[in-house]
Asks: 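For reference, the structure I am asking about is given below.
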Amino acid sequence: KDKVWGELFMQAMFIGMISAFLGYVIAPRTIEETGETYISYLAILTFLSAAIIIGLIGVLINKYKQNWLRNYAIPISMIGAMILAVVYASLGVIR
C-alpha cells in the first residue's frame, strides 16, 4: 500500500529481470558436435535494439507527453526487436 516501496519494488524487479536476460544474451554458447564456443552477436544486437526502441518510446512519453504509449512500450519494443532480429539474420548475422 506504500507507494514509495511499491515503486522501489517494481524497479528492483525490472533490474533483476534485465540482469537475468543480459546474462543469457552475453553468455558463450557451445556447439555440441564440435565443442566450439561462440558469443551470439544476433542476440546482442537484438537486445540492444530493444533497449534503443524502449528508450525512444520513453523519450516520446516524457518529452512529448504521449502517455498513451505507456501501455504499449514493452510490446512495441519486443515486436520491433524481433523484426530487427529477422533483418539482422537476413543480413548474415548468424551467431
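Keep in mind it's a predicted model, so treat the numbers as computed, not measured. Scope of the values below: all heavy atoms of this structure, side chains included, with no hydrogens, waters or symmetry mates.
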Asks: To which residues is M82 joined in a hydrophobic cluster, defined by side-chain heavy-atom contacts under 4.5 Å among Ile, Leu, Val, Met, Phe, Trp and Tyr, whether direct or through other members?
Replies: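 Answer for M82: I54, I74, M78, I79, I83.
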Asks: Under the side-chain hydrogen bond (donor to acceptor under 3.5 Å, both in side chains) definition, can you give me all pairs with a residue in residues 76-91, not counting sequence neighbours?
Replies: S49-Y88
Asks: Using a 3.5 Å cut-off and no angle test, enumerate the donor-acceptor pairs between side-chain atoms of residues 56-66 and protein atoms at least two apart in sequence or in another chain.
Replies:
| unit_1 | atom_1 | unit_2 | atom_2 | d |
| --- | --- | --- | --- | --- |
| N62 | ND2 | G58 | O | 3.3 |
| K65 | NZ | N62 | O | 3.2 |
| Q66 | OE1 | W68 | NE1 | 2.8 |
| Q66 | NE2 | Y64 | O | 3.3 |

Asks: Who passes side chain to side chain contact (heavy atoms under 4.5 Å, CB included) against A81, sequence neighbours left out?
Replies: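 Only T46, A50 meet the side chain to side chain contact (heavy atoms under 4.5 Å, CB included) criterion with A81.
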Asks: Linking I/L/V/M/F/W/Y whenever their side-chain heavy atoms sit closer than 4.5 Å, directly or via other members, would L48 and I53 fall into one cluster?
Replies: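 Looking at the clustering, I53 is in a separate group from L48.
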Asks: Rest of the hydrophobic cluster containing V87 (Ile/Leu/Val/Met/Phe/Trp/Tyr, side-chain heavy atoms under 4.5 Å)?
Replies: L91
Asks: Show every side-chain hydrogen bond (donor to acceptor under 3.5 Å, both in side chains) that has at least one partner inside residues 14-29, sequence neighbours left out.
Replies: none
Asks: Report, one line per pair, each donor and acceptor closer than 3.5 Å where one atom sits in a side chain of residues 34-42; sequence neighbours left out.
Replies:
| unit_1 | atom_1 | unit_2 | atom_2 | d |
| --- | --- | --- | --- | --- |
| T34 | OG1 | E36 | N | 3.3 |
| E36 | OE2 | R95 | NH1 | 3.0 |
| S40 | OG | A43 | N | 3.1 |

Asks: What residues form a side chain to side chain contact (heavy atoms under 4.5 Å, CB included) with F21, not counting sequence neighbours?
Replies: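 By the side chain to side chain contact (heavy atoms under 4.5 Å, CB included) rule, F21 matches M17, F47.
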Asks: So which residues get pulled into W5's cluster when ILVMFWY side chains under 4.5 Å apart are joined, directly or through others?
Replies: L8
Asks: Is there a path of hydrophobic side-chain contacts, each under 4.5 Å between heavy atoms of I, L, V, M, F, W or Y residues, that connects V93 with L84?
Replies: yes
